[in-house]
Amino acid sequence: MSVHARILLAEPDAELRTAIARALRADGHAVEEAADGADLLLRAGSQMARVDGLRRVLVLVVAAGLPVFSASEVLEILHRLRWDIPCIVISRAPDGVEHTRARELGALAVLGSPLHIEQLRAMVRAQARPRSAARHDAVARAGAL
């Protein structure tokens with residue numbers, strides 16, 4: 001099975017992190033797991049620094065309640081570094097200030113609790129889809145009109 005995207009998953013709950021990683025791997029993604037925001041950022045930096053031409057689509061899946069750096073702090077750092085990495089935030093809190101802040105900081109989406117894994121998988125698949133294929137589909141649809 002070919003790897004569709006590289007996913008950096010940061011979730012402090014080891015059991016939940018393992019379940020999410022397993023589901024994403026079943027979809028053909030390469031998943032690296034982190035338990036805190038600092039480890040996530042180190043791994044993201046490593047991916048951003050790759051110069052061997054093998055850099056795949058990179059997507060961050062980040063729990064809001066991470067130790068060291070929270071999801072909001074991770075998003076702020078990504079913004080300051082000008083790293084354009086799609087980020088999906090998983091929040092245990094009801095929709096509110098935390099969700100709004102993550103969206104303001106550029107989160108692709110904020111998924112609430114309980115986490116619907118199929119929704120997460122669909123979002124990751126959409127990000128992993130090659131941009132040229134998406135443009136080709138749009139041109140084909142426009143031509144059919």
Got a second to check how far [X]'s [atom1] is from [Y]'s [atom2], nearest 0.5 Å?
X	Y	atom1	atom2	answer
His116	Ile90	NE2	CD1	12.0 Å
Leu41	Phe69	CG	CZ	6.0 Å
Leu75	Leu108	CG	CG	10.5 Å
Leu78	Met48	CG	CE	8.5 Å
Cys87	Leu40	SG	CG	7.5 Å

Treating Ile, Leu, Val, Met, Phe, Trp and Tyr as nodes and any side-chain heavy-atom pair under 4.5 angstrom as an edge, say whether Leu9 and Ile117 lie in one connected cluster.
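Looking at the clustering, Ile117 is in the same group as Leu9.
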If you group Ile, Leu, Val, Met, Phe, Trp and Tyr by side-chain heavy-atom gaps below 4.5 Å, do Trp83 and Leu42 land in one group?
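Trp83 and Leu42: separate clusters.
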Flag, side chain of Asp27 to backbone of His29, donor-acceptor distance under 3.5 Å:
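No, the answer is negative, given that no donor and acceptor are paired below the 3.5 Å cut-off.
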Arg6 side chain to Val59 backbone, donor-acceptor under 3.5 Å:
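No, Arg6 side chain to Val59 backbone: no donor-acceptor pair under 3.5 Å.
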How far apart are the closest heavy atoms of [X] and [Y], and which atoms are they?
X	Y	answer
Gly112	His99	CA-CE1, 4.1 Å
Leu58	Ile85	O-CG2, 3.7 Å
Ala35	Leu66	O-CD2, 3.9 Å
Ala64	Ser70	O-CB, 3.8 Å
Val89	Ala107	CG2-CB, 4.0 Å

Step by step, would you call Arg101 with Glu76 a salt bridge (charged side-chain N to carboxylate O under 4.0 Å, His left out)?
CA-CA 10 Å; Arg101 183 73 179 132; Glu76 288 174 356; 2.7 Å; yes
Run the side chain to side chain contact (heavy atoms under 4.5 Å, CB included) check on Asp13 and Arg92 step by step: do they pass?
CA-CA 12 Å; Asp13 181 314; Arg92 288 176 183 82; 3.9 Å; yes
Could you list the residues that satisfy side-chain hydrogen bond (donor to acceptor under 3.5 Å, both in side chains) with Arg43, not counting sequence neighbours?
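Scan of Arg43 (side-chain hydrogen bond (donor to acceptor under 3.5 Å, both in side chains), adjacent residues dropped) gives Glu32, Asp39.
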Results of side-chain hydrogen bond (donor to acceptor under 3.5 Å, both in side chains) for Glu118 - residues two or more places apart only:
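side-chain hydrogen bond (donor to acceptor under 3.5 Å, both in side chains) list for Glu118, sorted by chain: Arg121.
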4.5 Å side-chain heavy-atom contact, [X] and [Y]:
X	Y	value
Pro12	Pro67	yes
Ile88	Val124	yes
Leu111	Gln119	yes

For residues 14-22, tabulate all N or O donor-acceptor pairs below 3.5 Å that involve a side-chain atom, not counting sequence neighbours.
residue	atom	partner	partner atom	Å
Arg17	NE	Glu33	OE1	3.4
Arg17	NH1	Glu11	O	2.5
Thr18	OG1	Ala14	O	2.9

